[in-house]
Amino acid sequence: MSYKREDYYAEGLSESFDEHGITATPEQIKAIALDMAGYAEHESQAFYTPPASDRIADIERGWQAKYNELKKEFEKYQGNAEVAVKKALRVYRDASVSIGEHGEVLAHGGRTERIQ
């Protein structure tokens, strides 16, 4: 024997009626409970509830935008740092220079060499 949706509503209605001093027969409560079960089944037609996938997509778009912004900021910072290193070390402007781990400065020409 399973607990039906209308039984759930009937139990809740009966308790609510008792609390508020409303009298109704068990048949009336059962009829109202059936109506409530029908209303509950069609609630999504009256009130829009977006699917969870929409919220997940919003969150993903948010972190992706933040990531791209930080990545762009880092690349700008890295480019400026490489220009500053070229000037400080008096390396040609068109020379390819990169800053490696632990502040290691590398020049990339025909071969890669460590400048500092």
Side-chain angles (χ1 to χ4, degrees):
M1 184 169 157
S2 66
Y3 193 59
K4 295 181 182 175
R5 192 175 295 260
E6 54 266 13
D7 293 336
Y8 170 77
Y9 288 114
E11 185 178 325
L13 285 168
S14 179
E15 289 177 16
S16 181
F17 284 1
D18 288 343
E19 286 179 24
H20 298 287
I22 300 171
T23 55
T25 65
E27 291 79 22
Q28 289 173 318
I29 292 174
K30 185 77 168 177
I32 295 170
L34 283 168
D35 290 343
M36 293 301 297
Y39 295 143
E41 285 180 21
H42 298 95
E43 181 179 2
S44 64
Q45 292 176 353
F47 305 101
Y48 175 72
T49 304
S53 61
D54 286 0
R55 178 68 181 129
I56 292 169
D58 285 345
I59 292 169
E60 189 170 328
R61 274 191 298 275
W63 73 254
Q64 189 70 37
K66 287 179 184 177
Y67 171 78
N68 289 336
E69 185 178 323
L70 286 171
K71 185 177 177 184
K72 193 183 291 185
E73 183 181 331
F74 172 75
E75 288 170 353
K76 183 179 176 183
Y77 173 80
Q78 186 177 25
N80 290 338
E82 289 171 359
V83 168
V85 165
K86 286 179 191 179
K87 286 181 182 179
L89 298 178
R90 296 190 174 116
V91 177
Y92 294 110
R93 239 183 240 196
D94 59 345
S96 181
V97 173
S98 66
I99 301 170
E101 292 184 25
H102 310 293
E104 175 180 66
V105 180
L106 304 171
H108 307 282
R111 62 176 193 216
T112 300
E113 66 178 290
R114 183 176 177 188
I115 297 174
Q116 188 169 355

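Numbering starts at 1 and runs along the sequence shown. Because the structure is predicted, anything quoted here is derived from the model rather than measured.
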Student: Kindly check if the number of other-residue, nucleotide or ligand heavy atoms within 6.0 Å of CD (Glu73) is above 12?
Tutor: no

Student: Determine the minimum heavy-atom distance between Leu13 and Ala33, stating which atoms define it.
Tutor: CD1-N, 3.7 Å

Student: Rounded to the nearest 0.5 Å, what separates atom CD in Glu6 from atom CG in Asp35?
Tutor: 11.0 Å

Student: Kindly compute the distance separating CD (Gln28) from OG1 (Thr23), expressed to the nearest 0.5 Å.
Tutor: 8.0 Å

Student: Only counting residues at least two apart or in another chain, list the ones meeting salt bridge (Lys or Arg N to Asp or Glu O under 4.0 Å) with Arg61.
Tutor: Asp58

Student: So, taking the atom named OH in Tyr77 and the one named CG in Leu70, what distance separates them when rounded to the nearest 0.5 Å?
Tutor: 14.5 Å

Student: Does Tyr48 have more than 12 heavy atoms from other residues, nucleotides or ligands lying within 6.0 Å of its OH?
Tutor: yes

Student: Is atom CD of Glu69 surrounded by more than 12 heavy atoms (other residues, nucleotides or ligands) closer than 6.0 Å?
Tutor: no

Student: Quick one: pull up CD in Glu60 and CZ in Arg55 and give me the separation to the nearest 0.5 Å.
Tutor: 12.5 Å

Student: Indicate, with yes or no, if Ile32 and Tyr9 share a hydrophobic cluster defined by side-chain heavy-atom contacts under 4.5 Å among Ile, Leu, Val, Met, Phe, Trp and Tyr.
Tutor: yes

Student: The test is side chain to side chain contact (heavy atoms under 4.5 Å, CB included); show your working for Lys76 and Lys72 and say whether it passes.
Tutor: CA-CA 6 Å; Lys76 183 179 176 183; Lys72 193 183 291 185; 5.9 Å; no

Student: Nearest 0.5 angstrom please: Gln78 CD to Lys71 NZ, how far?
Tutor: 11.0 Å

Student: Do you reckon Ile29 sits in the same ILVMFWY cluster as Tyr8, going by side-chain contacts under 4.5 Å, direct or chained?
Tutor: yes

